[in-house]
Amino acid sequence: QVQLVESGGGLVQAGGSLRLSCAASGRTFSSYAMGWFRQAPGKEREFVVAINWRGSITYYADSVKGRFTISRDNAKNTVYLQMNSLKPADTAVYYCAERNTARLATRTYEYDYWGPGTQVTVSS
């Protein structure tokens, strides 16, 4: 089984930054693609960014491109999401997810394992 745990969420003013971490365990982390999603109350879970198993390919949602950066450290079994220039619209629970394949994907149903989420709140 795979277990994912997010951390690093919190309160921040608009224009500020946060760095989220996702620690994975249970299998060979370095072989699989990872992604970040977010969900605001009453809204669908939304794709944010994904990264392939090598960390050599990334894909960002237009809403975060240029502001967020995904990275991974396979030696530490950890994926990161650096969030800069945060906006109130970024307020959501952020979820880390892992696939069963090496290639990145952008749909929730393409991911097989999920963390419990971490809250990010951006004030005006």
Side-chain angles (χ1 to χ4, degrees):
Q1 62 184 269
V2 175
Q3 294 174 302
L4 305 173
V5 180
E6 304 94 341
S7 63
L11 296 168
V12 64
Q13 293 184 350
S17 298
L18 286 173
R19 188 191 189 204
L20 306 184
S21 298
C22 173
S25 63
R27 67 176 180 178
T28 307
F29 171 84
S30 61
S31 297
Y32 304 98
M34 304 290 295
W36 286 96
F37 294 76
R38 65 188 183 186
Q39 187 169 25
K43 296 185 178 180
E44 297 178 337
R45 190 164 297 187
E46 175 188 33
F47 170 76
V48 177
V49 62
I51 188 167
N52 76 329
W53 73 283
R54 297 180 187 271
S56 57
I57 302 173
T58 58
Y59 189 83
Y60 294 84
D62 288 342
S63 59
V64 305
K65 193 175 299 181
R67 300 188 298 120
F68 291 10
T69 303
I70 190 172
S71 61
R72 67 189 298 163
D73 186 339
N74 288 344
K76 296 181 178 180
N77 291 341
T78 302
V79 174
Y80 305 95
L81 182 63
Q82 178 66 46
M83 305 185 295
N84 298 327
S85 301
L86 283 163
K87 307 173 182 178
D90 296 318
T91 296
V93 176
Y94 282 71
Y95 297 92
C96 175
E98 183 174 338
R99 301 198 74 198
N100 277 327
T101 61
R103 185 176 179 179
L104 62 81
T106 62
R107 302 291 194 269
T108 59
Y109 63 81
E110 295 177 299
Y111 287 80
D112 301 284
Y113 305 98
W114 295 84
T118 184
Q119 177 70 48
V120 172
T121 302
V122 184
S123 62
S124 301

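Worth saying up front: this structure is predicted, and the values here are computed from it rather than measured.
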- Message: Taking salt bridge (charged side-chain N to carboxylate O under 4.0 Å, His left out) as the cut-off, I'd like each qualifying pair that reaches into residues 73-87, sequence neighbours left out, listed once.
- Response: none

- Which heavy-atom pair separates Tyr95 from Arg45 by the least distance, and what is that distance? CZ-NH2, 3.4 Å

- Task: Please examine the side chains of Thr108 and Phe47, heavy atoms only from C-beta on, and report whether any two atoms are closer than 4.5 Å.
- Result: no

- Message: Tell me the closest heavy-atom pair linking Val64 and Arg38, and the distance in Å.
- Response: CG1-NH1, 3.9 Å

- Message: Hydrogens and angles aside, do Arg103 and Thr101 bring a side-chain donor and acceptor to less than 3.5 Å of each other?
- Response: no

- Item | Qualifying residue, where the test is side-chain contact (heavy atoms from CB on, under 4.5 Å) with Tyr60 and the options are Thr106, Val48, Thr69 | Thr69

- Message: Using modelled atom types and a 3.5 Å cut-off, is there a donor and acceptor pairing between side-chain atoms of Asn74 and backbone atoms of Trp53?
- Response: yes

- Task: Examine distances only and state if a side-chain atom of Tyr111 and a backbone atom of Ala33 form a donor-acceptor pair shorter than 3.5 Å.
- Result: no

- Task: Looking only at non-hydrogen atoms, find the nearest pair between Leu86 and Arg67 and report the distance.
- Result: CA-NH1, 3.9 Å

Show me the donor-acceptor pairs within less than 3.5 Å that the side chains of residues 117-124 make with the rest of the protein, sequence neighbours left out.
residue	atom	partner	partner atom	Å
Thr118	OG1	Gly9	N	3.2
Gln119	NE2	Ala92	O	3.4
Gln119	NE2	Thr121	OG1	3.3

- Query: Taking Arg19 for the side chain and Gly8 for the main chain, is one N or O donor matched with an acceptor at less than 3.5 Å?
  - Reply: no

- Describe, in one word, how the ring planes of Tyr94 and Phe68 are oriented to each other, choosing from parallel (under 30°), tilted (30 to 60°) and perpendicular (over 60°). tilted

- Query: Sequence neighbours excluded, which residues qualify as side-chain contact (heavy atoms from CB on, under 4.5 Å) partners of Asn52?
  - Reply: Arg54, Ser56, Ile57

